Amino acid sequence: MKKIRIIMLLVFCVMLTGGALATWLVPDREYSALENRELTQSPEFSGREFLKGEYQTAYESYLNDQFPMRDRWVDVAVRLQSAAGRKDINDVYPGTEGYLLEKNEEKDCDSGQVEENIETLSSFLNDMTQTYGDKHVSCLMIPSKTLALSNRLPAFAKLPERKEIINSLKEKLSHPNELMDLLEPLQKHQNEYIYYRTDHHWTTLGAYYAYQSWAEKRGQATPRPLKHYRQETIFTDFYGTTYNKVHLPVPADEVTLFHSPAEKGIEVSRDDEDEEADTLYFPKETSNIGCNRYDVFLSGNTFKIEINTKAKTGRTLLLVKDSFANCFVPFLTEDYDRIIMIDYRYGKIPMGTILSEYSDITDVLVMFNTDKFMENTKLGKLAQTEKKEQTMQAFDPEEFLG
Amino acid sequence: MVFSSTIFLCVYLPLVLLGYYICPKKGKNLFLLIVSLVFYAWGEPKYVFLMIFSILINYVFGLLMDKHRENKKRLKLMLVLSVAIDLGLLSVFKYTDFIITNINSIFNTGFDLLNIALPIGISFYTFQAMSYTIDVYRDNVRVQRNLIDFGMYITMFPQLIAGPIVRYADVQDQLAERSVTTADFSEGIMRFVVGLGKKVLLANQMGAVWTDIYALGGDVSALMAWTGAVAFTFQIYFDFSGYSDMAIGLGAMFGFSFPENFNYPYESKSITEFWRRWHISLGTWFREYVYIPLGGNRKGVARQMLNLAIVWFLTGLWHGAHLSFVMWGLYYGVLVVLEKILWKPVLEKLPSVLRHIYTFVLVMIGWSLFFCQDMADRSGFLKAMFFQAGGGLANQQTMYLLLSHLCLLLIALIGSLSLLKRFMNSRLFPENTARREMACMVWMVVLFVACVAMLVNSSYNPFLYFRF
């Protein structure tokens, strides 16, 4: 029995030493593909930083980030919580059929920012309506996955409530019909694969149903049927943002491209690339391990993407967006000669400047996911719609200082 | 530094254990002193000097008192000075803003708050230092001439940050002479890992439940309010007793035997009993150094009431520089007095079950004073508990939360009772058998692994009793 005590002693010491050695010897990683973020590196020691306590915080954060086999440990923790009956882990509900549903709490929102964004957006839409007419301006609000797929939530879970945003916006619009809440149209297809299981985005099928509702409602063009598009499943190993929060063993997602006949002859230019591309899709660049597969659409986000098609309709669309629009674009390529996509999370040019640069705009479409819309802190420039030429290198202190 | 962190488990503890056992016997105390200072400095890089100053002051006054033992007047003066300095430092760093706030409300003045940062552990180490000087005055302990040994007593990292408050008299012999057997060490390991488990696996989870419920505001259903109360009742127990377990366990690894600080307090059958089982070292300290010197119960009932009022006022005040803590202390003071004078005969006749419930409910209500510092919050919460808020018995949210955490709440309940321990001790794993030792080892490894996983998964878990 004394032997066993000695063994326990040894086991404990081995665990401690093992931990110590492993932490020391295992080389530092720079980036975690699974968590989709950079990992803290070893901080420099300085007496001053130590006195402020900042060195300590940085060091502990470094230790935690570089913990050997960190991902496996997180897995264990998730399984433990799951076993203890916890219905949501790391703010994610494990929904039915492998759907991971994010738990976005009302309290996580900065209501001041939300109000500001509502003001900005409604002001922008009203300005656009004045310039282009209400029949040519629309705004699509895309519900969060958890709200759209609320039928998949665990019992008694609280439904996220976002309706007030829609109502607040409608109140401020000169033509409230421009605003479309996509919740109902999408909920009709709740049991289909309209959102990714492991990512917060909608699938291309979900985007298609949105397009269908939009076209029907706005009467712009008869919506093309599903079979008009050639579907190609390009990835079957997509693990998205929700999965990064909690690595529950759910089946991987499939990314499907909907090819439209108008894809030939398309030109895509991004403001961060010199060369134009001749396709909407970038499978080669996004097929490596650790890449975000959703970036296959247009190669990810940037401030401005200009798409020129051979549609010959004489119409040009200004599309103000977040990442949800990236897989929606194929459904627009046959209706517009040119599509100008603007994402204010990546740039600061006032809208007015863009409007003067593209004087042939005929239609305006805004597409936002409600959660991202509420969190967005950079929408300000959207409302600055006074047309002004972008003078050569005019020094704008605000742009400089952000 | 916090025990429940990767830096402690993977860097500090292995290095310190290694260093301690490599160190020659004569150097062990110095080694512990140095590493403890590093431990403290890691969390309080600037205030470590304050603690060093406090050590020097108390050391010097100890020597002075011993020197002037013959001169009663001078002896008393030395004591008064040292206690004044100790309490003075504590007051400045902990109670300044509290004093200013009270002055402002009483005299209608508008003094600005100074926002002095509270050095971690100051309430604990100050009381430990005073236990030394007061006992030197009383000639209860031998004066400590070795500054290193004295410094080590004050700074020893196991109990530095959150107790137990180890009286000098209890460990003075262990400072110079101590040894560690494998039995001691392995029990220390067990104790430490169990404490770690209490903190990481139970206290933190209960804290998360309480945070969720608290965020819902005042109009919660009654069941929700009670669940919240149960959550923080368990949180504070597992947090604090877990820390004490870790302290005792770590102490054992270095050959120290620290007194127990918790004895399954939620099993108590009366409030009086509760306070003999909760934060035992604090109760002992106040009894030794405040209640008894004031006369205790030996000067008549009226004086006893006053003494009790003072002790409970101070107990509350020790916990925090806020009116709600003082109220919490007085709440218990009143209950203890009532139990002594009025309810004793009634209580003794009640069946055990009712006595348990009576105590547990009163304790939960007491904690609400602790956790809802805002008056409005507190009354709202208490109202909800007694069906006075609009929430009704239960609603969808309540069911969701309850179902999510039922398993955990049950585990917490079992963990807070000595049932499990008695079961383990009885027939399945009799003491001193190989089977028991194996079971302990397996359990230790399982707990340790689970704790590491939870720690890696979350990065932020400060101890509740940290602001002391």
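Owing to the predicted nature of the structure, the values given are computational and were not obtained by experimental measurement. Letters A, B, ... are given to chains in the order of the sequence lines, protein chains preceding strands, and every chain is numbered from 1.
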Quick check against the 3.5 Å criterion: does [X] have a side-chain atom that pairs as donor or acceptor with the backbone of [Y]?
X	Y	value
Asn457(B)	Ala77(A)	no
Asp371(A)	Ser144(A)	no
Arg197(A)	Leu100(A)	no
Thr146(A)	Glu102(A)	yes
Gln56(A)	Gly43(B)	no

Of the backbone (N, CA, C, O) and the side chain (C-beta and beyond), which part of [X] lies under 4.5 Å from a heavy atom of chain B, both, or neither?
X	answer
Leu51(A)	both
Phe67(A)	side chain
Leu21(A)	neither

is_close_aromatic(Tyr99(A), Tyr93(A)), centroid dist under 6.0 Å: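 Not close enough - the centres of the two rings lie 6.0 Å or further apart.
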Leading residue by heavy atom contact count with chain B [cutoff under 4.5 Å; candidates Gly19(A), Ala83(A), Ala20(A)]: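 Heavy-atom pairs under 4.5 Å are most numerous for Ala20(A).
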Winner by heavy-atom pair count (cut-off under 4.5 Å) against chain B, out of Leu16(A), Thr57(A), Thr17(A), Val76(A):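 Among Leu16(A), Thr57(A), Thr17(A), Val76(A), the one with the most close pairs to chain B is Leu16(A).
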More than 12 heavy atoms from other groups under 6.0 Å of OH on Tyr21(B):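 Buried by this count: over 12 neighbours within 6.0 Å.
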Per-residue contact mode, Ile411(B) against chain A (heavy atom under 4.5 angstrom):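 Looking at Ile411(B), nothing touches chain A.
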Partner of Phe157(B) under ring pair (Phe, Tyr, Trp, His ring centres under 6.0 Å), chosen from Tyr20(B), Phe31(B), Phe39(B), Tyr40(B):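 Running ring pair (Phe, Tyr, Trp, His ring centres under 6.0 Å) over Tyr20(B), Phe31(B), Phe39(B), Tyr40(B) with Phe157(B) returns exactly one hit, Phe39(B).
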Which residues share a side-chain hydrogen bond (donor to acceptor under 3.5 Å, both in side chains) with Tyr62(A), sequence neighbours left out: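 If we apply the side-chain hydrogen bond (donor to acceptor under 3.5 Å, both in side chains) test to Tyr62(A), skipping adjacent residues, the hits are Asp28(A).
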Residues of residues 445-453 of chain B with any heavy atom under 4.5 Å of a heavy atom in chain A: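 Near chain A, by residue number: Val445(B), Phe448(B), Val449(B), Ala450(B), Val452(B), Ala453(B).
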Choice from Ile189(B), Thr182(B), Leu9(B) maximising heavy atom contacts with chain A below 4.5 Å: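 Of the options given, most contacts go to Ile189(B).
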